[in-house]
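Everything on this sheet refers to the single structure shown next.
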There are 2 protein chains.
Amino acid sequence: MSWQEQLVEAGYRLTRPRRIVMEILNNARAPLVPSAVFKRAQCDGHSLGLVSVYRTLALLLELDLVTLVHFSEGCHAYVLASPGHHHHIICSGCEEVIEFSGAEDLDALTARVQQETGFHIDDHLLQFYGLCPACQQAVAKKIS
Amino acid sequence: MSWQEQLVEAGYRLTRPRRIVMEILNNARAPLVPSAVFKRAQCDGHSLGLVSVYRTLALLLELDLVTLVHFSEGCHAYVLASPGHHHHIICSGCEEVIEFSGAEDLDALTARVQQETGFHIDDHLLQFYGLCPACQQAVAKKIS
DNA sequence: TTCCTAATTGAAAAAGATTATCAATAAGGA
DNA sequence: TCCTTATTGATAATCTTTTTCAATTAGGAA
Ligand SMILES: [Zn+2]
Ligand SMILES: [Zn+2]
Ligand SMILES: [Zn+2]
Ligand SMILES: [Zn+2]
């Protein structure tokens with residue numbers, strides 16, 4: 001199913017601004033922040049409001065037609081760091097964060113991806129999201 | 001080595017604002033955005049400028065005394081999504097992004113972490129960073 | 001302890017990013 | 001073609017982050 005069909009399927013209209021944004025993302029090699037999409041539209045001679053860019057991206061994200069890419073900077077919630085390499089699990093209920101180590105577990109995957117893509121991988125970002133034991137209980141109580 | 005010693009070691013002074021921020025992060029259960037650190041300082045009756053919070057967090061990050069936690073929202077660089085579950089490698093040189101699949105490879109790790117922590121994991125964020133083949137060559141040429 | 005100097009702070013302002021509002025527009029069906 | 005309603009875009013309002021610069025203060029020297 002094409003993205004146009006998915007849009008319509010979900011009850012949205014196929015509009016000019018949405019076409020423009022999709023076209024720009026489609027031609028982009030690197031991930032684009034909203035302002036970059038806006039600028040590119042201007043360069044291409046398209047008339048497109050910045051607000052529409054925000055709205056369109058939010059919609060496309062909701063429909064899973066685009067994905068977010070996270071850079072190291074720009075996501076500013078901070079936790080204390082223990083020495084050494086760690087990853088985090090974040091509870092969707094209470095935002096509690098727990099560290100865990102497990103770099104080795106990524107080694108196989110890293111090697112495979114390096115081989116397949118030719119990239120030289122030197123860093124990674126791994127986080128799990130879920131419910132902590134307390135929030136699991138809270139949910140269980142609410143249901144029962 | 002304590003964080004105080006690390007600071008001094010790196011040539012920085014041990015100041016009141018830095019102590020306050022570290023204390024707040026130390027007592028926090030959830031990750032805190034700068035404005036949250038600021039508010040908490042105010043509640044605790046500390047006098048601390050918002051700008052200093054930003055500066056201090058940046059410094060602590062540089063010294064690896066704090067880590068960033070990424071939420072799904074708030075990191076707004078978008079790429080087109082293919083259907084299905086994917087991860088991304090981002091080239092630090094040219095920002096090119098490539099998708100790869102490999103959800104299965106995380107299954108073992110997910111299971112282990114669930115067991116160890118009691119969390120119920122329902123989502124994850126995995127990204128690799130590195131150099132694409134083209135940028136590797138560019139680097140190689142520069143050196144030679 | 002006291003003094004000095006340079007690092008650091010904080011207030012204010014500037015710059016940027018995001019969201020809310022609402023009249024004007026245009027997509028898609030009748 | 002016409003109508004209805006989703007959608008757009010300009011403006012303004014909010015937030016967030018960065019810059020600037022005079023006032024403060026940490027930490028070493030005297
Ligand atoms: Zn929880
Ligand atoms: Zn890791
Ligand atoms: Zn590259
Ligand atoms: Zn995944």
Side-chain angles (χ1 to χ4, degrees), chain A residues 2-25 31-63 65-66 68-78, chain B residues 2-25 31-63 65-66 68-78:
Chain A
S2 71
W3 69 267
Q4 289 96 335
E5 291 171 320
Q6 283 194 60
L7 251 193
V8 173
E9 181 93 356
Y12 297 100
R13 293 184 180 171
L14 187 53
T15 67
R16 219 175 118 53
R18 287 169 184 165
R19 278 205 204 87
I20 296 172
V21 171
M22 276 304 275
E23 186 196 324
I24 288 171
L25 287 178
L32 299 176
V33 295
S35 61
V37 173
F38 177 65
K39 272 177 205 154
R40 218 166 267 214
Q42 289 192 309
C43 290
D44 294 358
H46 291 124
S47 144
L48 173 64
L50 177 57
V51 181
S52 296
V53 172
Y54 276 99
R55 279 191 292 231
T56 301
L57 288 174
L59 176 62
L60 295 176
L61 189 62
E62 188 191 307
L63 297 178
L65 289 169
V66 300
L68 287 176
V69 166
H70 300 247
F71 288 92
S72 322
E73 315 84 36
C75 308
H76 298 219
Y78 298 80
Chain B
S2 71
W3 69 267
Q4 288 96 336
E5 291 171 320
Q6 282 194 60
L7 251 193
V8 173
E9 181 93 356
Y12 297 100
R13 293 183 180 174
L14 187 52
T15 67
R16 220 175 118 53
R18 286 168 185 168
R19 279 205 204 86
I20 296 173
V21 170
M22 274 306 273
E23 187 197 322
I24 288 172
L25 286 178
L32 299 176
V33 295
S35 61
V37 172
F38 178 65
K39 273 177 203 154
R40 218 166 267 213
Q42 289 192 307
C43 290
D44 294 358
H46 291 123
S47 144
L48 173 64
L50 177 58
V51 181
S52 297
V53 172
Y54 275 97
R55 278 191 292 230
T56 302
L57 288 174
L59 176 61
L60 295 176
L61 189 62
E62 188 190 309
L63 297 177
L65 289 169
V66 300
L68 286 177
V69 166
H70 300 247
F71 289 92
S72 323
E73 315 84 35
C75 307
H76 298 219
Y78 298 80

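Letters go in sequence order (proteins before strands), and every chain restarts at 1.
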**Q.** Rounded distance (Å) that lies between atom P of C/dG28 and atom CD of A/E9
**A.** 15 Å
Q) Just wondering, do B/I20 and B/T56 contact through their side chains at under 4.5 Å, heavy atoms? A) no
**Q.** Note, A/L48 side chain near A/V21 side chain (heavy atom, < 4.5 Å)
**A.** yes
(Q) Can you measure B/H46 atom NE2 to C/dT9 atom C1' for me and round it to whole angstrom units? (A) 16 Å
Q: Figure out the CG/P separation between B/L57 and C/dT8, and round it to whole Å.
A: 15 Å
Q: Decide yes or no on side chain to side chain contact (heavy atoms under 4.5 Å, CB included) for A/H46 and A/F38, but give the supporting numbers first.
A: CA-CA 9 Å; A/H46 291 124; A/F38 177 65; over 6 Å; no
(Q) Nearest whole Å is fine: how far is D/dT20 C1' from B/Y54 OH? (A) 17 Å
Q.
List the residues meeting side chain to side chain donor-acceptor pair (under 3.5 Å) with B/S2, not counting sequence neighbours, and say none if there are none.
A. B/Q4, B/E5
Q) Can you give one letter per nucleotide of nucleotides 5-13 of chain D, 5' to 3': B if a protein heavy atom sits under 4.0 Å from the base, S if only from the sugar-phosphate, - if neither? A) BBSBBBB--
Q. Is it true that a side-chain atom of B/R16 and a backbone atom of B/S47 form a donor plus acceptor pair closer than 3.5 Å?
A. no
(Q) Distance check needed: D/dT25 C1' versus B/R19 CZ, whole Å only. (A) 12 Å
(Q) Please give me the minimum heavy-atom distance between A/L25 and A/V66, naming the atom from each residue. (A) CD1-CG1, 3.5 Å
